[in-house]
There are 2 protein chains.
Amino acid sequence: MTVPPIDPPPRLLMGPGPINADPRVLRAMSAPLVGQFDPVMTTYMNQVMELYRGVFRTTNEHTLLVDGTARAGIEAALVSLVEPGDRVLVPVFGRFGHLLTEIAERCGAEVHTIEVPWGEVFTPEQVEAAVVAVRPALVAVVQGDTSTTMCQPLADLGEICRRHDVLLYCDATASLGGNAFETDGWGIDLVTAGLQKCLGGPSGSAPTTISPRALAVIDARRHVEAGIRDSVDVAREGSGTPIRSNYLDLAQIMDYWGPRRLNHHTEATSMLYAAHECARLLVEEGLDEAVARHDLHGRAMLAGVQGLGLRVFGDVAHKMTNVVAVEIPAGVDGDGVRTRLLEDHDIEIGTSFGPLHGRVWRIGTMGFNARRAPVLTTLAALEQVLRGAGAEVTAGGGVGAALEVYA
Amino acid sequence: MTVPPIDPPPRLLMGPGPINADPRVLRAMSAPLVGQFDPVMTTYMNQVMELYRGVFRTTNEHTLLVDGTARAGIEAALVSLVEPGDRVLVPVFGRFGHLLTEIAERCGAEVHTIEVPWGEVFTPEQVEAAVVAVRPALVAVVQGDTSTTMCQPLADLGEICRRHDVLLYCDATASLGGNAFETDGWGIDLVTAGLQKCLGGPSGSAPTTISPRALAVIDARRHVEAGIRDSVDVAREGSGTPIRSNYLDLAQIMDYWGPRRLNHHTEATSMLYAAHECARLLVEEGLDEAVARHDLHGRAMLAGVQGLGLRVFGDVAHKMTNVVAVEIPAGVDGDGVRTRLLEDHDIEIGTSFGPLHGRVWRIGTMGFNARRAPVLTTLAALEQVLRGAGAEVTAGGGVGAALEVYA
């Protein structure tokens, strides 16, 4: 068998993520490796911690990377926080709420869910009523669920959880960097994310921040592996149920990132370089500025698809800035349109899950692609492909409406 | 805060890994991303499966990547195979045997260990006696344990395990690609590895191969998450204990890599590019040729350190090709020597764990660094630094002895 080197085509990735990584992030990954405990490496790790404190808007000391995709970050959070038998409340407003439920169940939690129809979000009162009824140890919620494009308001949820002495975990994978997020300001105890959405990097690293409240819970379950345990570790051993995972054990991961540099996994150096550059670019731009950029280009894309005569799914007032769900016009083959966009224009837009499968396309404007050219080019190509598919579209209506937003 | 872009120094990484990635692997990671289900991406995934069948020497259909470091691969194997309460036998001959024990315990296993002193390996008779005594569901063993540099012979273990109807899992992270490994020929049911040793890549992806015997066990525990489950999945639901992890659930990961392409994590595209290029280069070179190369440069390094007048730790007849443990001479500050090598020569060699901490250095010759120049340069620099540290060394003895091996 002879396999040629990879040679990917220059796709414009306008789906719900992954999107094109910033070329500076890709270049950072081709930098030479250094050793795991090289002072250069530990300096980069400390810089990553500081940079992601900026991204998460937090002073949490324990702000670090979990080596895996965003889903690894979610599971690290839940397996580290949830003791078997704990009650966990998951407000589900799309596919990724189901994922939190699934993962929490595998951690041994007794999971309670509340649901709203896809395309809606929860009011604080709905969440508080469920907290009162369920009395969970933890509320686990997604901020932006790309399956519906909805962005759950979180500002009140932290306060509700503190008042009822409940921990609050948030999966901010799809939203962080492109929608306002205030870890400390909103009182969120543990947050995880990924690089492949608004952060403009590849999938494979999960930025994570752990508050002192979450730390106390995790510390009580601390258990250092036998191969490297010393007297200090025996003294620190927690009284809680040991964490069921070794790889995703945040107590051990914190010790590896902390001053003791206790050996755990071998840090994925190239992914750390990528995560470093993603955050560096975002902090350099300014978080407020990055959110405003996503808001601008998201509004341009929204106006553009409406200007083409397409309908938008869901409660637009609670839409994430960085993705829009567009209803597939009656009689149009949704997958056929996606294929023509990919094959004729090198442009990818997204399909959907569950109840929205075959009903909507999802179009993203995030990270490196939250720029004018990707928005206008996607609208121009979409107009042509839709016309070819027999849909009624307003000639020039997409690009024209987007340009009005930019004017 | 202003953090500059990363700009790592050109280290020569001659420790037990991670080592320098092949520049072609680093360049592959800077290629542009494509979408998760783009036909280009799924073609790359299929190529990765085929390439790693070559690397693992197997016809196993389910040969794929776990998105995380080598440790993620280990945990995926154990959490997917081991049901809580299962007996697992771990022959421990170094630190990574303890790690298997630790992870299996967190999976709920009843773990039994046998141990040999660090620097030795097990005979087949020792393992078989323990299998008979313990009657485990699974034997979990490391092939090459870098903590001691020993390479456990495996050729007989597969046969023993089949005869006693026990599954055999092997962690080949440190050895694969540089030491003979025959997944099918030796009858090993599940094998995991990492890129950062003999495969010449960065840490962050765990090549994994799953035999039909292991598949049967995992299939019986199959459980597709609620958010994406359909009638086909309900029909395939296994009767065994559900796998405790979602992220590391090999049943779901196989469905993502298989023809159904069932959504699970978002594949870490850049790490997949790296893994693709690592295997491609190895298959192009030939596995036998790569093992012979590691053997040659490992023998040159061994002869070199002995030629300098240093003593080697452990049973050299069972040493891995790709790493040697060198006793720190009496009166020499081991960490001081490592610092001088790093600061004056940009060369990293390894320290040690547990009972060998402060007693030996570990010097690797693997992957991209299993070449003549890194071996000779390391020996030349080591001679100078040792002399500076007050050790008695034979002038020219290291490079001279290595050159004799090459002659």
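Residue numbering restarts at 1 for every chain, and letters A, B, ... go by the order of the sequence lines.
Both the backbone and the side chain of B/Pro5 come within contact range of chain A, judged by heavy atoms closer than 4.5 Å. With a threshold of 4.5 angstrom between heavy atoms, B/Leu13 approaches chain A through side-chain atoms but not through N, CA, C or O. When heavy atoms are compared at a cutoff of 4.5 Å, A/Pro242 does not approach chain B at all. Residue contact with chain A, scored on non-hydrogen atoms closer than 4.5 Å, is absent for B/Glu284. For chain A, the nearby parts of B/Pro8 are the backbone and the side chain; heavy atoms of each come within less than 4.5 Å. In this structure, chain A has heavy atoms under 4.5 Å from both the backbone and the side chain of B/Arg244.
Counting all heavy atoms, side chain and backbone alike, B/Arg71 lies closest to A/His264 at NH2-O, 2.7 Å. In plain terms, the two heavy atoms of A/His276 and B/Pro4 that are nearest each other are CE1-O, 3.5 Å. The minimum heavy-atom distance between A/Pro32 and B/Leu26, with the atom names listed, is CA-CD1, 3.9 Å. Closest approach of B/Tyr247 to A/Thr69, counting heavy atoms only: OH-N, 2.9 Å. The two residues A/Leu342 and B/Pro39 have their closest heavy-atom pair at CD2-CD, 3.9 Å. The two residues A/Ala28 and B/Ile6 make their nearest non-hydrogen contact at O-CD1, 3.6 Å.
Distance check, rounded to the nearest 0.5 Å: OG1 of A/Thr2 to CD of B/Gln47 gives 11.0 Å. A/His265 contributes atom NE2, which lies 13.0 Å from atom CD1 of B/Ile74 (distance to the nearest 0.5 angstrom). How far CG of B/Asp67 is from OG of A/Ser205: 11.5 Å, rounded to the nearest 0.5 Å. In this structure, CD1 in A/Ile19 is found 8.0 Å from CG in B/Leu33, a value given to the nearest 0.5 Å. Here CG of B/Asp38 is found 4.0 Å from CZ of A/Arg11. Values are rounded to the nearest 0.5 Å. Here A/Asn246 contributes atom CG and B/Thr101 contributes atom OG1; the two are 11.5 Å apart, rounded to the nearest 0.5 Å.
Residues B/Pro9 and A/Val40 form a side-chain contact, since some pair of their non-hydrogen atoms from C-beta on lies under 4.5 Å apart. Using a 4.5 Å heavy-atom cutoff, the side chains of B/Val3 and A/Glu50 are not in contact.
If you tally non-hydrogen atom pairs under 4.5 Å between each of A/Pro18, A/Ala72, A/Ala70, A/Ala274 and chain B, the highest count goes to A/Ala72. For chain B, the option among A/Arg280, A/Glu348, A/Gln36 with the highest count of heavy-atom pairs below 4.5 Å is A/Arg280. Contact count against chain A (heavy-atom pairs under 4.5 Å) is highest for B/Ile243 among B/Thr351, B/Leu272, B/Val25, B/Ile243.
For A/Thr192, the side-chain hydrogen bond (donor to acceptor under 3.5 Å, both in side chains) partners at least two apart in sequence or on another chain are A/Tyr169.
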Practice item. In sequence, state the C-alpha distance, the side-chain angles, and the governing distance for B/Arg106 and A/Asp249, and then conclude on salt bridge (Lys or Arg N to Asp or Glu O under 4.0 Å). Key: CA-CA 10 Å; B/Arg106 296 216 188 186; A/Asp249 174 349; 2.7 Å; yes

Practice item. In sequence, state the C-alpha distance, the side-chain angles, and the governing distance for A/Gln196 and B/Thr269, and then conclude on side chain to side chain contact (heavy atoms under 4.5 Å, CB included). Key: CA-CA 10 Å; A/Gln196 74 274 20; B/Thr269 315; over 6 Å; no

Exercise for review: Would you please test B/Met29 and A/Ser270 for side chain to side chain contact (heavy atoms under 4.5 Å, CB included) and show each step?
Suggested key: CA-CA 9 Å; B/Met29 276 190 293; A/Ser270 303; 3.4 Å; yes

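A donor-acceptor pair is defined here as one N or O able to donate and one able to accept, closer than 3.5 Å; no such pair exists between the side chain of B/Ser30 and the backbone of A/Ser30.
Judged by distance alone, the side chains of A/Ser245 and B/Glu75 do bring a donor and an acceptor atom under 3.5 Å apart.
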